[in-house]
Amino acid sequence: MEILEPARPVRGGYKVDVTRGERNGRVSSEWWGRPDDERFLSLDDLWSSVKARSERSRTRIVETAKIHVEASRDNAEKLHLILPKSDVPVAPTHWAFGQLASIVGAPAAYLRQLPATLAGVNLQYGLSSHRAEQVKTFEFEDGRTELRAVTGPDYGRIHDHELVEAVQRIAGNGTGDTRWKVPGVLDWSTGVYNPDVEISRDTTTLYASDRDVFVFLVDDRNPIEAGRLPDGSPDLYFRGFYCWNSEVGAKTLGMASFYLRAVCQNRNLWGVEDFQEITIRHSKYAASRFAQEAAPALTRFANSSPMGFVNGITAARQQIVARDDEERETFLRKRGFSKAESGKIIEKVLMEEGRPPESIFDFVQGITRLARDKTQQDARLDMEGRAKKLLDRVG
């Protein structure tokens, strides 16, 4: 194993081969969908925003039959709730309205098309006859009271700022004050990945909206060499992770760690290997699972040696499983690939490596390259999954 020093092997960054490994579009989908007010330039700024929101929020468990729905006849779009032991009207957010409709078994899309008075009548009836009897509210005070979420009474809320704090413990501000930072950018014309790119609204990977938080960071100034490319140059990797949460129930809490070769301008991850993921549903004991399982896992990955990953890649390169065309086809057919798929996998490796596949690593690379050609997501994910299983079996 060799961990390279920060000195650049080539001008402006590191030469990488993104034809290897898998492409992961999760961060890119976040990047595409975020307006400027959901993009943050540092973990400190992100934390300040979600922490302030949390400090002005409160949770209560209330009886559904005692929730009163108010609709204004003067404004057909205005609907408020009066919660038990309070005279202050609460305005549900778009998300909370959908949760409320789901809880009482009403179609939210249909209710939103109705005048507020009619929608209110339907909601009031559903709340009065709701069998579960209790719900947990999440209210936000900022000049007026806003209902951010309505969940079951056993919903295990993990606040967004708690996840950001767990990241800050290993990544500081996320801007380069530690080894973990917002990623750089791949130059497609040269194949050089430059880790030193100014963090802006266009390049940041730190996001938060009124219903979620998402963070992606990399250790891209400390490349890891795991083998050599066909031209003899080092095959370089970087460590990376992303994590997400929704304190209002829009999604689970989750973390994913992996090794990757580059991040492009659109924030697609290229050359991904050894992808590992943890998800935690916001059930009754979610907070304790986060404290005992997810947060320590993130710290372990951040502080761990890449030796296990490098050794796995080395073992896959050394494990020869086929030496002629018949053995190659037999190896793939026994693992569920059709004759046509087997031929394409062998052809992919021959084109990229200049020789037919021989080792486990060769076949994994050929399978992942063929997966990229799949237009249907299910087919692509299935093939990528089979490649991962093959690599997991090494040793």
Side-chain angles (χ1 to χ4, degrees), residues 29-30 32-38 49-50 53-54 56-160 207-214 244-253 281-283 286:
S29 65
E30 297 285 342
W32 277 106
R34 300 284 180 169
D36 279 354
D37 62 355
E38 294 182 11
S49 176
V50 295
R53 182 175 67 194
S54 178
R56 295 196 298 270
S57 300
R58 69 169 182 170
T59 294
R60 291 192 289 164
I61 294 179
V62 301
E63 295 183 33
T64 55
K66 294 183 178 180
I67 298 175
H68 180 65
V69 182
E70 283 192 346
S72 173
R73 294 183 180 275
D74 299 329
N75 187 342
E77 297 181 355
K78 193 174 182 181
L79 187 148
H80 289 94
L81 305 175
I82 302 296
L83 301 180
K85 298 181 181 181
S86 175
D87 296 327
V88 179
V90 177
T93 63
H94 185 274
W95 174 253
F97 181 86
Q99 286 180 310
L100 193 63
S102 177
I103 285 173
V104 301
Y110 172 69
L111 291 181
R112 289 192 180 102
Q113 297 174 7
L114 298 177
T117 50
L118 291 179
V121 169
N122 283 274
L123 276 179
Q124 190 69 74
Y125 175 79
L127 290 168
S128 300
S129 58
H130 181 46
R131 291 184 178 181
E133 297 182 349
Q134 291 184 329
V135 292
K136 181 182 288 187
T137 65
F138 192 47
E139 303 157 45
F140 174 69
E141 293 279 353
D142 188 21
R144 67 166 190 162
T145 305
E146 186 177 75
L147 184 64
R148 293 185 59 211
V150 187
T151 59
D154 291 331
Y155 179 78
R157 179 166 287 108
I158 301 169
H159 290 273
D160 292 339
Y207 310 125
S209 71
D210 62 345
R211 65 181 67 170
D212 77 323
V213 64
F214 185 94
W244 65 91
N245 184 53
S246 172
E247 62 189 16
V248 298
K251 58 182 67 172
T252 62
L253 178 142
R281 292 178 59 250
H282 291 265
S283 57

Atom pair [atom1]/[atom2] of [X] and [Y] - distance to nearest 0.5 Å:
X: Arg148; Y: Arg53; atom1: CZ; atom2: CZ; value: 4.5 Å
X: Glu247; Y: Asp160; atom1: CD; atom2: CG; value: 4.0 Å
X: Thr145; Y: Arg58; atom1: OG1; atom2: CZ; value: 7.5 Å
X: Ser209; Y: Glu38; atom1: OG; atom2: CD; value: 4.5 Å
X: Leu118; Y: Leu111; atom1: CG; atom2: CG; value: 10.0 Å
X: Ile158; Y: Leu253; atom1: CD1; atom2: CG; value: 4.5 Å

List the atom of [X], the atom of [Y], and the distance in Å for their closest heavy-atom pair.
X: Gly98; Y: Ala108; answer: CA-CB, 4.0 Å
X: Phe140; Y: Ser57; answer: CD1-OG, 3.6 Å
X: Ala71; Y: Ala116; answer: CB-O, 3.4 Å
X: Val90; Y: Pro92; answer: O-CD, 3.5 Å
X: Pro35; Y: Gly33; answer: CD-O, 3.5 Å
X: Ile82; Y: Ser86; answer: CG2-O, 3.3 Å

Would you say the side-chain atoms of [X] pair up with the backbone N or O of [Y], donor to acceptor, closer than 3.5 Å?
X: Lys136; Y: Tyr155; answer: yes
X: Gln99; Y: Val248; answer: yes
X: Ser128; Y: Gln124; answer: yes
X: Arg60; Y: Glu139; answer: no
X: Arg112; Y: His94; answer: yes
X: Trp95; Y: Arg211; answer: no

Test item: Val135 and Pro153 side chains (from C-beta on) under 4.5 Å apart, heavy atoms: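 SC-SC contact between Val135 and Pro153 ruled out.
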4.5 Å side-chain heavy-atom contact, Thr137 and Leu81: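 No; the side chains remain at least 4.5 Å from each other.
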Pair Arg144 + Glu146: basic N to acidic O under 4.0 Å: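 Between Glu146 and Arg144 there is a salt bridge, with a charged N closer than 4.0 Å to a carboxylate O.
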Check ion pair Arg56-Glu141 (N to O, under 4.0 angstrom):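 Looking at Arg56 and Glu141, the cut-off is not met.
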His159: partners by ring-ring contact (aromatic ring centres under 6.0 Å, His included), with sequence neighbours left out: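 Residues passing ring-ring contact (aromatic ring centres under 6.0 Å, His included) with His159: Phe138, His161.
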Partner of His282 under side-chain hydrogen bond (donor to acceptor under 3.5 Å, both in side chains), chosen from Asp154, Thr252, Asn245: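 Only one option passes, and that is Asn245.
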Check against side chain to side chain contact (heavy atoms under 4.5 Å, CB included), Phe214 and Arg34: CA-CA 11 Å; Phe214 185 94; Arg34 300 284 180 169; 4.0 Å; yes
